[in-house]
Student: 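The structure under discussion is supplied below as structure tokens; questions concerning it will follow.
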Amino acid sequence: MIFDATQEIYDRFESEQLNCVIRETESLSLVEISVVCNSTSIQMRFISSSPTTGVCLRVDRVARFPEEKFDAIVPMLNELNAEYRYVKFIPEREDHAVDLLYDFPRCTEDNGETAMEMFNRVPSIVDEVYPRLMRKIWGGK
């Protein structure tokens with residue numbers, strides 16, 4: 001079942017002529033959209049898991065790192081989480097990657113507009129943090 005919030009996001013993206021895909025599984029519905037940033041490309045997923053809960057945005061693998069760099073990357077992610085109040089950066093131990101998360105406020109009246117705001121803002125955040133992450137992961141200044 002495609003949840004209303006997912007449909008709102010899809011309709012808003014379509015109205016902007018953005019190339020996106022709407023999908024559903026047994027337990028959730030989502031809109032996926034690819035974005036090319038300055039230093040990398042990302043796949044943004046706007047996910048709804050019920051008619052009454054909010055929407056979450058997930059960007060997997062913003063950056064990858066070798067397994068042995070896990071302990072070094074965590075303090076930097078804590079710094080980024082303090083710097084960027086509304087998004088969260090989390091380390092994924094299994095994928096050796098940094099993921100970005102954002103949860104829409106439950107009282108969001110226009111999920112499509114909020115999704116557009118995040119569609120415009122998240123790539124800018126990725127452009128800001130990606131070089132810093134790469135310096136931390138691979139060394140250098």
Side-chain angles (χ1 to χ4, degrees), residues 1-14 16-141:
M1 161 190 258
I2 301 292
F3 297 113
D4 290 343
T6 305
Q7 191 66 53
E8 285 177 43
I9 294 167
Y10 180 78
D11 292 344
R12 180 69 163 96
F13 285 177
E14 285 286 300
E16 296 291 329
Q17 299 179 342
L18 297 172
N19 188 16
C20 61
V21 175
I22 191 168
R23 300 179 195 266
E24 64 181 317
T25 68
E26 244 179 66
S27 59
L28 55 88
S29 62
L30 61 112
V31 174
E32 292 178 319
I33 188 163
S34 296
V35 180
V36 177
C37 301
N38 290 333
S39 301
T40 189
S41 59
I42 58 173
Q43 180 82 12
M44 300 174 74
R45 292 180 295 128
F46 297 85
I47 304 167
S48 301
S49 58
S50 83
T52 58
T53 60
V55 176
C56 59
L57 167 62
R58 300 296 183 253
V59 181
D60 295 336
R61 294 176 211 80
V62 170
R64 308 277 315 241
F65 56 85
E67 183 177 3
E68 63 272 10
K69 297 282 186 159
F70 182 88
D71 291 337
I73 201 79
V74 171
M76 179 176 206
L77 297 183
N78 289 335
E79 291 173 19
L80 292 174
N81 287 335
E83 188 175 335
Y84 296 91
R85 294 179 15 204
Y86 299 107
V87 296
K88 293 182 280 186
F89 294 91
I90 62 163
E92 278 296 326
R93 194 177 283 276
E94 286 183 22
D95 289 341
H96 313 296
V98 175
D99 293 350
L100 181 145
L101 316 173
Y102 172 76
D103 292 326
F104 286 35
R106 288 193 64 193
C107 61
T108 301
E109 290 187 25
D110 188 340
N111 289 302
E113 188 60 32
T114 303
M116 275 305 299
E117 181 179 343
M118 296 313 293
F119 171 78
N120 289 314
R121 182 65 183 126
V122 165
S124 298
I125 293 171
V126 170
D127 284 339
E128 291 167 14
V129 304
Y130 188 82
R132 292 166 59 188
L133 288 168
M134 290 297 101
R135 280 192 300 275
K136 186 66 167 181
I137 293 167
W138 301 112
K141 296 182 182 185

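For reference, positions follow the sequence shown, starting with 1.
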Student: Is there a side-chain contact between Ile2 and Ile22 (heavy atoms, below 4.5 Å)?
Tutor: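 The answer is yes; the side chains approach within 4.5 Å.
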Student: So, taking the atom named CZ in Arg12 and the one named CG in Leu18, what distance separates them when rounded to the nearest 0.5 Å?
Tutor: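 The CZ atom of Arg12 sits 8.5 Å away from the CG atom of Leu18.
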Student: Measuring from atom CG of Leu77 to atom CG of Leu133, what distance do you get when rounded to the nearest 0.5 angstrom?
Tutor: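 One gets 6.5 Å once the value is rounded to the nearest 0.5 Å.
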Student: If we ignore hydrogens and angles and just use 3.5 Å, is the side chain of Arg64 paired with the main-chain N or O of Asp95 as donor and acceptor?
Tutor: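 Side chain of Arg64 to backbone of Asp95: a pair is present.
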Student: Tell me, do Val122 and Tyr102 make a side-chain contact under 4.5 Å, heavy atoms counted?
Tutor: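 Not in contact.
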Student: Of the non-hydrogen atoms in Tyr130 and Val62, which two are nearest, and what is the gap between them?
Tutor: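 Minimum heavy-atom contact is CE1-O, 3.4 Å.
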Student: Find the distance between SG (Cys20) and CG (Asp11) and round it off to the nearest 0.5 Å.
Tutor: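 The distance works out to 9.0 Å.
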Student: Judged by atom type as modelled, is there a donor-acceptor pair below 3.5 Å linking the side chain of Asp127 to the main-chain atoms of Asn38?
Tutor: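 Side chain of Asp127 to backbone of Asn38: a pair is present.
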Student: Counting distance only, does the side-chain N/O of Asp60 pair as donor-acceptor with the main-chain N or O of Asp99 below 3.5 Å?
Tutor: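 No, because the side chain of Asp60 does not come within donor-acceptor range (under 3.5 Å) of the backbone of Asp99.
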Student: As an exercise, state the distance from CG of Asp110 to CD of Glu117, rounded to the nearest 0.5 Å.
Tutor: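 Output value for this atom pair is 11.0 Å.
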Student: Judged by atom type as modelled, is there a donor-acceptor pair below 3.5 Å linking the side chain of Glu24 to the main-chain atoms of Met1?
Tutor: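 A pair under 3.5 Å: yes.
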Student: For residues 31-51, which residue pairs pass the ring-ring contact (aromatic ring centres under 6.0 Å, His included) check, not counting sequence neighbours?
Tutor: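 For residues 31-51: Phe13-Phe46.
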Student: Tell me whether the count of non-hydrogen atoms from other residues, nucleotides or ligands lying under 6.0 Å of CD in Glu67 goes above 12.
Tutor: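 Open.
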Student: Phe65: what forms a ring pair (Phe, Tyr, Trp, His ring centres under 6.0 Å) with it, not counting sequence neighbours?
Tutor: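 So Phe65 forms no ring pair (Phe, Tyr, Trp, His ring centres under 6.0 Å) with any residue.
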Student: With Arg58, which residues qualify under side-chain hydrogen bond (donor to acceptor under 3.5 Å, both in side chains), at least two apart?
Tutor: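 Partners of Arg58 by the side-chain hydrogen bond (donor to acceptor under 3.5 Å, both in side chains) criterion, ordered by chain and then number, come out as Asp103.
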Student: What pair of heavy atoms forms the shortest contact from Ala5 to Val55, and how long is it?
Tutor: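 In terms of heavy atoms, the two residues are closest at CB-CG2, 3.5 Å.
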Student: Taking side chain as C-beta onward, heavy atoms only, is Thr114 less than 4.5 Å from Ile9?
Tutor: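 The answer is no; the side chains never approach within 4.5 Å.
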Student: Name all pairs fulfilling the ring-ring contact (aromatic ring centres under 6.0 Å, His included) condition that reach into residues 24-44, sequence neighbours left out, sorted by first residue then second.
Tutor: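 Counting only pairs at least two positions apart or across chains, no ring-ring contact (aromatic ring centres under 6.0 Å, His included) contact touches residues 24-44.
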Student: So for atom CG, which belongs to Asn19, do other residues, nucleotides or ligands contribute more than 12 heavy atoms lying within a distance under 6.0 Å?
Tutor: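 Count not over threshold, so no.
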Student: Nearest 0.5 angstrom please: Leu30 CG to Thr25 OG1, how far?
Tutor: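 Answer rounded to 0.5 Å: 7.5 Å.
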Student: Listed by chain and number, what are the side-chain contact (heavy atoms from CB on, under 4.5 Å) partners of Val74, not counting sequence neighbours?
Tutor: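 By the side-chain contact (heavy atoms from CB on, under 4.5 Å) rule, Val74 matches Phe70, Asn78, Pro91.
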Student: Do the non-hydrogen side-chain atoms of Arg132 and Leu80 ever get within less than 4.5 Å of each other?
Tutor: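 A side-chain contact under 4.5 Å exists here.
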Student: I'd like to know if Glu79 and Lys136 make a salt bridge, using a cut-off of under 4.0 Å between side-chain N and carboxylate O.
Tutor: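 Not counted as a salt bridge, because no side-chain N and carboxylate O are separated by less than 4.0 Å.
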Student: Quick check: do Ile73 and Ile137 have side-chain heavy atoms less than 4.5 Å from each other?
Tutor: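 Ile73 reaches Ile137 side chain to side chain.
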Student: Could you tell me the separation between the NE2 atom of His96 and the CD atom of Glu68, rounded to the nearest 0.5 Å?
Tutor: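 One finds 9.0 Å between NE2 of His96 and CD of Glu68.
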Student: Could you work out, with side-chain hydrogen bond (donor to acceptor under 3.5 Å, both in side chains) as the rule, every residue matching Tyr84, not counting sequence neighbours?
Tutor: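 Residues passing side-chain hydrogen bond (donor to acceptor under 3.5 Å, both in side chains) with Tyr84: Glu128.
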Student: Which heavy-atom pair separates Pro66 from Trp138 by the least distance, and what is that distance?
Tutor: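 Looking at all heavy atoms of both residues, the closest pair is CG-CH2, 3.5 Å.
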